[in-house]
K.L.:
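What follows is a single structure, and I will ask about it in a moment.
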Amino acid sequence: MPLRRCILLLLDGLADRAQPALDNKTPLQAAKTPNLDYLAQKGLCGFMHAARPGIPLPSEMAHFALFGYENEFPGRGPLEALGAGIELEPGEVAVLARLVSVEVKDGGLYIVEDRFKVTPEEKEAIFSALPQFSTQELTITFKPISGVRGVLVLKGEVSASFSDTDPLKSKAPVFELEPLSFDKTTLKTVQALKQYLIEVWQVLERHPVNKRRRERGLFPLNFLAIHRPGKMQKVEPFAKRWGLRPLTISSGVIYWGIGKYLDFEVEKAEEAGDVAREFSERLRIAQTLSQEFSFIHVHHKGPDEAAHKKDPFLKKKVIEVFDQVIGENLSWLTSPENLLVVTSDHATPSSGPLIHGGEPVPLIFYGKGVWQDGVKEFSEIACASGALGRIKAQDFMYLVLNFLEMAILSGLRYGKVPRPYFSEKTKAFKV
Ligand SMILES: [Zn+2]
């Protein structure tokens, strides 16, 4: 029997809300998508949320739930660090940190600008001026990732149980760093981190680069705002948990970090601004490697990025491009050994102030033996009337095992750690 596998096409931020500019249709409803509609007609449709409907999720949390690790999400900090090639040991903490321009207002720091042009020389000088910090219990080090962004790595006796200071926008206060639990390690971590961040501000305030920038009427780069800390932990590899050999084909440090954390093979895809070419290339890689992997995550940020530009027409156009590329690959994607899934991680509204939306996302399962429920098109609303109904992302991997005919009868327990799938690695009874 040929190897059966799941190919998961994950179109980031695909779901949306009714857009007045599109006659109150969502961009997906308004888009011409004959190939996705075909898959909806020949497959099983439903809709899904990775937490609770109404909660806007970031991609990384949605992916953790989808992959069956919802209770083991480590925070975005360690994932971005890993994706950028920064090695972390279990127990170490990473928190995202970015340079912002602050001034003092009523005794507190206030972000006056968080987007600015910086020369490579200025950045280099500022980054190398950041203090090395250590106490008896811990050390804090800044590691750059891209642009003016990086992570602070906390080693030693450290906790990740503290609040975010970065409001993620300008013309807003830097929020106070607060402990989120009251054990000794957390209190000491927060105390040290606060001291470190004040030191950063003092050093950068008087740095010659910032003196020159001020003289030229430019905003100084004089503080590190931090958000989304997390502690590195060892988790069970995806292949062990689900019995499937996983590959991710994606771009961006966060997706590479998720892959590394869960022990996927990571294929770093190109990102040059041409959605059609990039998605075609990702599908070509998937096809080439399809004999080696049984779970292939093909990801693209196109719909999410179009929605962040608050342009529903652009998002509609981008969706049409994906449909076309899927059409060009339809014959191998729908070959009998594939279980094909098309879905998303979260909604991204292409108008209004929200970063992400809390609506569920549409979902198609297509493959041998999978119900054909008669849904006519691929959209949020059409999929909501599909026979699968609304599922939680936590159900997703069990459905994959079921459709791949790998799922084991609940209650049967084979091996030291009973699994939900039938494993060829389970030892034979020795005599
Ligand atoms: Zn987004």
K.L.:
Do the charged groups of Glu236 and Lys240 touch, with an N to O distance under 4.0 Å?
P.N.:
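Salt bridge flag = no for Lys240 with Glu236.
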K.L.:
Is the shortest side-chain N to carboxylate O distance from Glu122 to Arg213 below 4.0 Å?
P.N.:
yes
K.L.:
Would one find more than 12 heavy atoms of other residues, nucleotides or ligands at under 6.0 Å from atom NZ of Lys171?
P.N.:
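Counting other residues, nucleotides and ligands, NZ of Lys171 exceeds 12 neighbours.
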K.L.:
Can we call the ring centroids of Phe238 and Tyr261 under 6.0 Å apart?
P.N.:
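No.
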K.L.:
Can you tell whether the side chains of Glu70 and Lys392 come within less than 4.0 Å, N to carboxylate O?
P.N.:
no
K.L.:
More than 12 heavy atoms of other residues, nucleotides or ligands under 6.0 Å from CZ of Phe116: is that the case?
P.N.:
yes
K.L.:
Is any NZ, NE, NH1 or NH2 atom of the basic residue among Lys309 and Glu305 found under 4.0 Å from an Asp or Glu carboxylate oxygen of the other?
P.N.:
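Not counted as a salt bridge, because no side-chain N and carboxylate O are separated by less than 4.0 Å.
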K.L.:
Check Glu87 with Lys260, please: is the shortest side-chain N to carboxylate O separation under 4.0 Å?
P.N.:
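Between Glu87 and Lys260 there is a salt bridge, with a charged N closer than 4.0 Å to a carboxylate O.
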K.L.:
Could you check whether Tyr398 and Trp242 have their ring centres less than 6.0 Å apart?
P.N.:
yes
K.L.:
To check you understand the geometry: which heavy-atom pair defines the closest contact between Glu380 and Leu14, and what is its length?
P.N.:
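Scanning both residues completely, I find the closest heavy atoms to be OE2-O, 4.1 Å.
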K.L.:
Less than 4.0 Å between a side-chain N and a carboxylate O, is that true for Arg4 and Glu337?
P.N.:
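Salt bridge between Glu337 and Arg4, a charged N being under 4.0 Å from a carboxylate O: no.
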K.L.:
When the ring centroid of Phe396 is compared with that of Phe67, is the distance short of 6.0 Å?
P.N.:
no
K.L.:
Is the number of heavy atoms from other residues, nucleotides or ligands within 6.0 Å of CH2 (Trp371) greater than 12?
P.N.:
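Open: at most 12 neighbouring heavy atoms sit under 6.0 Å from CH2 of Trp371.
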K.L.:
Within a 6.0 Å radius of atom NZ on Lys25, are there more than 12 heavy atoms belonging to other residues, nucleotides or ligands?
P.N.:
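For Lys25, atom NZ is not crowded (no more than 12 foreign heavy atoms under 6.0 Å).
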K.L.:
Which atom pair, heavy atoms only, marks the closest approach of Thr26 to Ala18?
P.N.:
CG2-N, 4.2 Å
K.L.:
Which atoms form the tightest heavy-atom contact between Ile364 and Leu39, and what is the distance?
P.N.:
CG2-O, 3.6 Å
K.L.:
So that I know where these two stand, are His297 and His63 an aromatic pair - ring centroids less than 6.0 Å apart?
P.N.:
yes
K.L.:
Who pairs with Asp114 by salt bridge (Lys or Arg N to Asp or Glu O under 4.0 Å), at least two apart in sequence or on another chain?
P.N.:
Arg98
K.L.:
Considering residues, nucleotides and ligands other than Leu180, do more than 12 of their heavy atoms fall under 6.0 Å from its CG?
P.N.:
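Above 12, so yes.
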K.L.:
Within a reach of under 6.0 Å around CD of Glu270, are more than 12 heavy atoms found that belong to other residues, nucleotides or ligands?
P.N.:
no
K.L.:
Could you walk me through whether Glu377 and Lys32 pass the salt bridge (charged side-chain N to carboxylate O under 4.0 Å, His left out) check?
P.N.:
CA-CA 10 Å; Glu377 59 169 52; Lys32 281 200 179 63; over 6 Å; no
K.L.:
Could you note down all residue pairs passing ring-ring contact (aromatic ring centres under 6.0 Å, His included) where residues 208-230 supplies at least one of them, sequence neighbours left out?
P.N.:
none
K.L.:
By the definition side-chain hydrogen bond (donor to acceptor under 3.5 Å, both in side chains), identify the one residue from His300, Lys301, His346 that meets it with Asp12.
P.N.:
His346
K.L.:
Not counting sequence neighbours, which residues clear salt bridge (Lys or Arg N to Asp or Glu O under 4.0 Å) with Arg390? List them please.
P.N.:
none
